Amino acid sequence: MKKRIAIFISGRGSNMEVILRQAREGLLRDCCTVALVFSNRPDAPGLKIAGDLGFPTACIPSAGKKREAFDRDVLDLLAPLKLDYIVLAGYMRMLSPLFIRAYPRRIINIHPADTRKFQGIGGYAWAFEQGLKKTCVTVHYVDEGMDTGEIIAQRELDLRGLDYLEEIEKKGLALEHKMYSEVLKELFEHEQE
Ligand code: GAR
């Protein structure tokens, strides 16, 4: 059975775009259906990209809202969609325990660092400032902590020869784009029914 997923974004949406294309005609074609692209920010460029590609989109602005009240509205929006998974792709808002408990081990995130070493926003800038020779990208389940959920997969990012943050981000994003769909495919196909 194909998994029904929603992709959550807050901004650019480059990971989302790759997943949408893979779901339509590539690696993810036989294992998932994207039922919704959701954003908490009306100005997220990724929303327009998803709409232009013909996928359903929705936005509930989160600015100024209490975390739980906002998440309750999002849960109401999602309920009729009967989702199997929620895929976070640059979703820059902590999910409340209320939300996490509604989708236990069903929310996946990609993080531009080793989640055991760096949590939060700015993973590539952290690696750059530390002068690391290598870092990694992590795909993990989302739990109630900040980037503390069980790790599903990690891939190494060699930083040698990269002198600028922009170069690290470019190489890192390329790795994310390749990795995320591959890991999701593995997960969706091998999940115990
Ligand atoms: C990606 O680098 C993703 O790993 C990161 O935000 C970027 C989103 O880019 N996520 C986090 O830092 C989560 N803590 P995109 O909107 O182009 O996919």
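Side-chain atoms are counted along with the backbone in the values below, which use heavy atoms only and exclude waters and symmetry mates. Because the structure is a prediction, the values reported are computed rather than measured. For ligands, and for the atoms within them, numbers begin at 1 and follow the listed sequence.
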- [ ] Could you tell me how the ring of Trp126 sits relative to the ring of Phe118: parallel (under 30°), tilted (30 to 60°) or perpendicular (over 60°)?
- [x]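 Parallel: the ring planes of Trp126 and Phe118 meet at under 30°.
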
Open item on the list: Check the orientation of Tyr85 and Phe188. Use parallel for under 30°, tilted for 30 to 60°, and perpendicular for over 60°.
Closed with: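 The rings of Tyr85 and Phe188 sit tilted, inter-plane angle from 30° to 60°.
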
- [ ] Please state whether Ile9 comes within less than 4.0 angstrom of ligand 1, counting heavy atoms only.
- [x]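 Ile9 does not count as a contact of ligand 1 under the 4.0 Å cut-off.
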
Task: ligand 1 contact by Glu169, heavy-atom criterion under 4.0 angstrom - done: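 It does not; every heavy atom stays at 4.0 Å or beyond.
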
- [ ] Tell me which one of Ser10, Ala113, Gly11, Gly13 gets a heavy atom nearest to atom 16 (O) of ligand 1.
- [x]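 Among Ser10, Ala113, Gly11, Gly13, the closest heavy atom to atom 16 (O) of ligand 1 comes from Gly13.
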
Taking only heavy atoms of [X], which atoms of ligand 1 are found under 4.0 Å from at least one of them?
X	answer
Gly120	14 (N)
Gly90	6 (O), 8 (C)
Pro112	4 (O), 5 (C), 10 (N), 11 (C), 12 (O)

TODO: Identify whether the distance between the nearest side-chain nitrogen and carboxylate oxygen of Arg21 and Glu17 falls below 4.0 Å.
DONE: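 Looking at Glu17 together with Arg21, the answer is yes, because their closest N to O distance falls below 4.0 Å.
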
Open item on the list: Between the side chains of Arg105 and Glu191, is the shortest nitrogen-to-carboxylate-oxygen separation below 4.0 Å, so that they form an ion pair?
Closed with: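 Salt bridge: no.
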
Task: Within-cut-off N or O pair, Asn109 and ligand 1, under 3.5 Å - done: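 Not met; the criterion fails.
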
Task: Min N/O separation Ser14 to ligand 1 under 3.5 Å - done: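 Yes; at least one N/O pair falls below 3.5 Å.
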
Task: Gln22 side chain to Leu27 backbone, donor-acceptor under 3.5 Å - done: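 Here the side-chain-to-backbone pair exists.
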
- [ ] Say whether, by atom type as modelled, one donor and one acceptor occur between the side chain of Arg24 and the main chain of Leu53 under 3.5 angstrom.
- [x]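 Yes: the side chain of Arg24 pairs with the backbone of Leu53.
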
Nearest protein heavy-atom contact for [atom]: which residue, which atom, what distance?
atom	answer
atom 2 (O) of ligand 1	Glu176 OE2, 2.8 Å
atom 7 (C) of ligand 1	Arg12 NH2, 4.2 Å
atom 13 (C) of ligand 1	Ile110 O, 4.0 Å
atom 6 (O) of ligand 1	Met92 CE, 3.3 Å

TODO: Kindly work out whether a path of hydrophobic side-chain contacts (I/L/V/M/F/W/Y, heavy atoms less than 4.5 Å apart) joins Ile110 to Val183.
DONE: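 Yes, because Ile110 and Val183 connect within a single hydrophobic cluster, where side-chain heavy atoms sit under 4.5 Å apart.
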
Open item on the list: Glu68 and side chain to side chain donor-acceptor pair (under 3.5 Å): which single residue from Lys65, Arg72, Lys66 fits?
Closed with: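 Of the listed options, the one satisfying the test is Arg72.
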
